[in-house]
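So you know, we letter chains A, B, ... as the sequences are listed, proteins then strands, and number each from 1.
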Amino acid sequence: MRLSRYFLPILRDTPKEAEIVSHRLMLRAGMIRQQAAGSYTLLPLGLRVLNKINAVIREEQNRSGAVELLMPTIQSADLWRESGRYDAYGKEMLRIRDRHDREILFGPTNEEMITEIFRSYVKSYKELPLNLYHIQWKFRDEVRPRFGVMRGREFLMKDAYSFDLDKAGAVHAYNKMFVAYLRTFERLGLKAVPMRADTGPIGGDLSHEFIILASTGESEVFCHRDFLDFAVPPADTNFEDIAGLQAIVDRWTSLYAATSEMHDEAAYAAIPDASRVSARGIEVGHIFYFGTKYSEPMGATVAGPDGKDTHVHMGSYGIGPTRLIAALIEANHDEAGIIWPDAIAPFTVSLLNLKTGDAGTEAACDELYAALTKAGVDVLYDDRDERPGAKFVVNDLIGSPWQLIVGPKSLAEGKIELKRRRTGEREVLTPAAALDRLIGKA
RNA sequence: CGGAGUGUGGCUCAGCCUGGUAGAGCACUACGUUCGGGACGUAGGGGUCGCAGGUUCAAAUCCUGCCACUCCGACCA
């Protein structure tokens with residue numbers, strides 16, 4: 001992408017409403033625009049990051065055996081009356097009437113709808129286990145939206161729903177998601193710790209929140225330090241190995257970890273001083289097992305091996321991709337701006353032409369741009385007619401992991417500069433050598 | 001929902017207390033000079049001061065009501 005042809009509305013000053021660093025940087029880097037309280041447009045740069053996060057989430061969901069579909073954002077009130085949640089959900093649900101005066105709502109979650117889909121098609125235990133997920137916009141009319149996309153009212157959520165014949169099957173489904181989540185956050189470059197959690201309005205008796213530690217986190221968390229060094233299950237983990245998965249989950253739940261709502265002061269006090277971690281955290285995922293809470297009232301049954309109809313055991317599993325963008329920035333930035341992990345950077349390489357209009361640098365940049373693009377590397381070519389300083393500042397702000405700097409001085413010696421954003425390390429090398437480095441890594 | 005605060009060109013803000021022709025910096029347009037860490041000069045364009053009432057000869061400024069947004073607390077991917 002040529003920056004001169006892109007839509008990247010950089011802000012020089014920080015808008016005054018933004019208090020936390022991720023919100024400030026997202027506004028300054030032209031990633032989001034606020035439209036109302038808790039409601040944001042994702043500008044092109046922000047959307048690129050979101051798409052990359054979603055791609056990682058999809059790969060790991062699919063790897064675990066979940067199947068993607070896409071449900072609508074608008075749901076009927078009647079569906080929610082079946083579970084009893086239309087009245088129970090309260091003011092956070094945005095309730096609307098259509099032209100026929102029918103009561104509808106903007107979905108805050110999809111347990112009812114997925115249960116309706118499941119019950120109308122699945123009749124036999126032989127079709128289980130089943131896990132269906134989608135990545136869709138949710139609306140929750142929060143009392144107090146804040147911190148940009150960290151707590152918005154309209155936000156994207158990956159929500160998965162599992163169906164099993166009995167509790168044992170459902171626990172295995174839960175464990176699959178548990179492991180998929182560990183892998184997802186690891187691939188995004190985040191240290192996430194699963195913590196015992198309250199189940200809230202979703203209901204159920206087995207639940208974990210995945211929390212990343214950050215000083216700006218909304219929740220207070222307590223855990224054992226060893227969690228931070230646990231190895232994440234590898235890509236070739238066998239998700240069908242019931243005992244194997246259980247062993248992984250047992251290990252990851254063997255030490256103390258809880259949010260303040262579930263905090264047990266005595267258990268925490270039993271941890272040796274040096275191993276206690278008390279910090280702020282950002283909730284980036286939440287998984288629940290809730291048995292037949294929805295399948296019973298909504299009549300979701302399958303015939304078991306004995307021919308009798310049984311209510312299915314369900315679980316639901318959520319990740320907030322829009323919140324993850326903010327969480328990633330909280331975890332990856334410095335004074336100059338964002339430092340994207342390679343896996344989710346909107347652009348892997350920023351190509352800086354320090355002297356627009358110079359025949360030599362333009363020819364060199366055009367060649368590099370073509371070669372990188374051909375190799376499938378996401379490159380942002382800063383071809384604007386700006387002074388070098390302005391280009392350095394903007395490209396540091398938007399945080400591409402690599403900067404390829406082409407200036408007349410070094411080019412006179414046939415060299416260009418390759419800068420690593422995270423460390424600031426610079427290497428002077430030939431264009432061909434730089435390409436080898438970047439394409440080899442991609 | 002309780003508490004605090006803010007609304008003035010695209011952005012950051014001054015002006016308000018003490019009413020009298022709407023300002024600055026950045027950004028934008030044109031021209032010139034500049035060019036390795038947010039350049040400079042000259043000349044321009046752009047705001048019915050959140051909205052509605054009221055007081056007054058006169059309201060960005062004073063009064064009343066409303067709306068929007070932000071922050072702190074209680075609640076939540």
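Of the candidate nucleotides rG36(B), rC13(B), rG38(B), rG38(B) has the atom nearest to the side chain of Ala390(A). Each of rA74(B), rG36(B), rA77(B) was ranked by its minimum atom distance to the side chain of Val143(A); first place goes to rA74(B). Nearest to the side chain of Asp13(A), among rU12(B), rA77(B), rC71(B), sits rU12(B). The side chain of Pro15(A) lies closest to rU12(B), out of rC1(B), rG38(B), rU12(B). The side chain of Ser410(A) has rG36(B) as its nearest neighbour among rG36(B), rC69(B), rA74(B). If you check rG36(B), rC75(B), rC71(B) against the side chain of Pro388(A), the one that comes closest is rG36(B).
The CD-P distance, from Glu220(A) to rA74(B), rounds to 10 Å in whole Å. Atom-to-atom, CZ of Arg153(A) to C1' of rC69(B) comes out at 11 Å; the value is rounded to the nearest Å. As a whole-Å value, the separation of Lys415(A) NZ from rG36(B) C1' is 17 Å. The distance between atom CD of Glu261(A) and atom C1' of rA74(B), rounded to the nearest whole Å, is 12 Å. In this structure, the CD atom of Glu413(A) is 14 Å from the C1' atom of rG36(B), given to the nearest Å.
Within the 4.0 angstrom heavy-atom criterion, only backbone atoms of the sugar-phosphate kind lie near Lys16(A); the bases stay farther away. Nucleic acid contact for Phe147(A): sugar-phosphate only, since backbone atoms but no base atoms lie under 4.0 Å from a heavy atom of the residue. Contact annotation for Gly152(A): base contact, defined as any heavy-atom pair under 4.0 Å involving a base atom. Using a 4.0 Å heavy-atom cutoff across all strands shown, Arg28(A) reaches at least one base atom of the nucleic acid. Note on Thr356(A): nothing from the nucleic acid sits closer than 4.0 angstrom, heavy atoms only. Contact annotation for Asp396(A): base contact, defined as any heavy-atom pair under 4.0 Å involving a base atom. Counting non-hydrogen atoms under 4.0 angstrom, Val284(A) reaches the backbone sugars and phosphates but no base.
Under the stacking criterion of a centre-to-centre distance below 5.5 angstrom and an interplanar angle below 30°, Phe392(A) is not stacked against the six-membered ring of rG38(B).
Under the side chain to side chain donor-acceptor pair (under 3.5 Å) rule, Lys158(A) has a single partner from Glu60(A), Gln136(A), Gln61(A), which is Gln61(A). Evaluated for a side chain to side chain donor-acceptor pair (under 3.5 Å) with His208(A), the options Tyr317(A), Trp252(A), Tyr174(A) yield exactly one hit, Tyr174(A). Screening Arg119(A), Lys293(A), Met298(A), Glu296(A) against His311(A) for a side chain to side chain contact (heavy atoms under 4.5 Å, CB included) leaves a single residue, Glu296(A).
Between the side chain of Arg146(A) and the base of rG73(B), no donor-acceptor pair of N or O atoms lies under 3.5 Å. On a pure distance criterion of 3.5 Å, no polar donor-acceptor pair joins the side chain of Glu386(A) and the base of rG38(B).
Side-chain N/O atoms of Lys91(A) include one lying less than 4.0 angstrom from OP1 or OP2 on rC1(B). Remark: Arg387(A) is in phosphate contact with rA39(B), judged by side-chain N or O atoms under 4.0 Å from OP1 or OP2. Between rG38(B) and Arg12(A), no contact under 4.0 Å exists linking OP1 or OP2 to a side-chain N or O. Regarding contacts with the backbone of rA68(B), every side-chain N or O of Gln34(A) stays at 4.0 angstrom or more from both OP1 and OP2.
Under the 6.0 Å distance and 45° angle rule, Arg140(A) does not count as a cation-pi partner of Phe155(A). Phe139(A) does not carry Arg153(A) over the face of its six-membered ring by the limits of under 6.0 Å from the centre and within 45° of the normal. Annotation: cation-pi pair Arg276(A)/Tyr268(A) present, NZ/CZ under 6.0 Å from the ring centroid and within 45° of its normal.
Base-pair partner of rA43(B): rU29(B) (Watson-Crick or G-U wobble, both distances under 3.5 Å). Across every strand in view, rU6(B) sits in a pair with rA68(B) that passes the Watson-Crick or G-U test at under 3.5 angstrom.
The environment of CZ in Arg95(A) is crowded: more than 12 heavy-atom neighbours from other residues, nucleotides or ligands sit within 6.0 Å.
Comparing Pro145(A) and Gly320(A) against RNA chain B, the residue whose closest nucleotide sits nearer the 5' end is Pro145(A). Each of Ala18(A) and Glu218(A) was matched to the nucleotide of RNA chain B holding its nearest heavy atom; the match closer to the 5' end belongs to Ala18(A).
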